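Only one structure is covered here, and it is reproduced in the block below.
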There are 2 protein chains.
Amino acid sequence: MSPRKLTMQDPIEKTLLAAITEGRLTPGSRLSENELAKAFAVSRTKVREALTRLQSRHVVSVQPRRGWFVNIPDAAEAAEVFAARRSVEYGFLATAAPFGSTEVNALAAHMAEERRAIAQEDRAMLTCLMGDFHVRIVEQSGNRPLIEVMRNLTARTILISLRYQSNRNALASHEDHCAIFDAIAAGDMTTAAALSRDHLDDVESGLRIDIGPSSLDTLRHTLRLDQVPTGADREGTLSNDTILHDRDI
Amino acid sequence: MSPRKLTMQDPIEKTLLAAITEGRLTPGSRLSENELAKAFAVSRTKVREALTRLQSRHVVSVQPRRGWFVNIPDAAEAAEVFAARRSVEYGFLATAAPFGSTEVNALAAHMAEERRAIAQEDRAMLTCLMGDFHVRIVEQSGNRPLIEVMRNLTARTILISLRYQSNRNALASHEDHCAIFDAIAAGDMTTAAALSRDHLDDVESGLRIDIGPSSLDTLRHTLRLDQVPTGADREGTLSNDTILHDRDI
DNA sequence: GCGACATAACTTGTATGCAAGGCATGTCGC
DNA sequence: GCGACATGCCTTGCATACAAGTTATGTCGC
């Protein structure tokens, strides 16, 4: 299901994070300690451990005596996450040595995955892959702290995009990714860094931050209708109304 | 005691992190759940929560049924942390807008703190401040995700420096900081970024990675002699043998 | 019918109890 | 004297019990 193995220890944390990055858990979704404990056949202690870790990563939050919820990033948080990604991704590419053939091939494999997901019109897989692209670039360095940072920021980016990106355009983003990949493959890291920075600007400017917190999502949240979707209603296809302006992650 | 307020929720986590950044807890120090629970007058549950969070930040680690320990970063981890800092700090400065007078003044206040600590020959405070400099630069942006990243990386850097930096030179580092500050104050962020990157290179190359894991620290660790220092033995002064080549964080 | 209040059924927060395993000490066999 | 083994104390791992608080429900008064 997941396009890539998550190198994480705790299976609960890993499963929850996978569900979020794959769009099965959306911002505002409620996470019951008891239900998770039953689902994973462990005690609440272990569930709380995993939720606490995710909380420190700003992926979930807890309201005292009320419950755990998948984070609903506000506009300020969205801006900060994008700014952080600009710094990290630009800094990484601008200071990195040109990639070797092994690393370029790994990225090329990812580009093929993106193309396949586009061809299959697999919306969930595509969202996940579009975010993964940036993680995979950093992964080629083998720098674990940096990879971790990128994973966290990407997970939060997915929440942001689920929250604010009403109509996205995966194709435009994919083309940006292709350009970044080409620069990396050509060994031109400076260009890759600049392209990456501009790409993030474009994605961010495509966000509809006017979608206020009193919109459908929060209403569903308030009405407790925000359980895990039954599946079919999130399996959207790449409809024709995705025009060329907005970008998908 | 701490040169700066840590914006952290949990007092246990905050206290432990402060003790580490101020050098009262060194790599290999043992952290007993029971003792911490008694010290903070809470149950082991809360202590384990805090330790788990610090574990996910790579500040402490647990050996099953043996105990919790302040992380002893190995050479590979040290290299990765420095490389990550290079990317993040370079990327931040290279993509940041020039600082306003408010931000420059805040940094100037920090520089004064560094000078005062040097004059007072306060080694512990100085180590803390030298790491804090880089955090404070990013703090001026108000970007919380990035600040968090820098705080984590800086905490790990302090562990690295306690582990590998046998004889440090705070003065050389301070001069580097002065140069970076001057560039920022002049609005030349590009130069500041380059200086910051070079500074990290210099600090890293000053590490004595040949101090193998079978050295004094690990021996003390093995022999369980690695309790919290009694105080006096870590209150070193800036001795004259700190020559101009190595740099303090 | 409708509003206010009591109550019951949830939620998380925290402490505690017990299980499982590591490590040092002491003891027994030789 | 010395080595192997057993024992007991220590550690963390985990589940559970209970406390505290929030929300929904039902009921009573009007």
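Heavy atoms only: backbone and side chains are in, while hydrogens, waters and symmetry mates are out. Note that the structure is predicted; figures quoted are calculated from it, not measured. Protein chains get the first letters and strands the later ones, always in sequence-line order, with residue 1 at the start of each.
Between the side chain of A/Arg65 and the base of C/dT11, no donor-acceptor pair of N or O atoms lies under 3.5 Å.
In this structure, CG of B/Leu36 is placed 9 Å from P of D/dT12, rounded to the nearest angstrom. B/Glu49 places its CD atom 8 Å from the P atom of C/dG13, with the value rounded to the nearest Å. The separation between B/Lys46 atom NZ and C/dA15 atom P is 8 Å, rounded to whole Å. To the nearest angstrom, P of D/dC10 lies 12 Å from CD of B/Glu35. In this structure, CD of A/Glu33 is placed 11 Å from P of C/dT14, rounded to the nearest angstrom. Remark: P of C/dT16 and NZ of B/Lys38 are 13 Å apart, rounded to the nearest angstrom. B/Gln55 has its CD atom 13 Å from the P atom of D/dT12, to the nearest Å. Taking atom CZ of residue A/Arg44 and atom P of nucleotide D/dC18, one finds them 14 Å apart after rounding to whole Å.
Defined by atom type and a distance below 3.5 Å, a donor-acceptor pair is present between the side-chain atoms of B/His58 and A/Glu148. B/Arg53 and A/Thr52 are not linked by any side-chain donor-acceptor pair at a separation below 3.5 angstrom, with hydrogens and angles left out of the test.
As the counterpart of D/dT25, C/dA6 is assigned, both hydrogen-bonding distances of the Watson-Crick or G-U wobble pattern falling under 3.5 Å. In this entry D/dC30 has C/dG1 as its Watson-Crick or G-U wobble partner, both defining distances falling under 3.5 Å.
Within 4.0 Å of A/Leu31, counting heavy atoms only, lie sugar-phosphate atoms of the nucleic acid but no base atom.
Ion pairing between a basic and an acidic side chain is recognised when a charged N comes within 4.0 Å of a carboxylate O; A/Asp201 and A/Arg86 show such pairing. The pair B/Glu139-B/Arg151 counts as a salt bridge, with a side-chain nitrogen and a carboxylate oxygen less than 4.0 angstrom apart.
The listed nucleotides are D/dT12, C/dA15, C/dT11; the one nearest the side chain of B/Thr45 is C/dA15. For A/Val62, the side-chain atoms get nearest to C/dT12 when compared with the rest of C/dA15, C/dT12, D/dC14. Closest approach to the A/Arg66 side chain among C/dA15, C/dT12, D/dT23 is made by D/dT23 (side chain taken as heavy atoms from C-beta onward).
Phosphate proximity of D/dG13 to B/Arg48: present, with a side-chain N or O under 4.0 Å from OP1 or OP2. Listed pair A/Asn34 / C/dT11 meets the phosphate criterion, a side-chain N or O lying under 4.0 Å from OP1 or OP2.
Taking CD of A/Glu89 as the start and CZ of A/Phe82 as the end, the distance is 9.5 Å to the nearest 0.5 Å.
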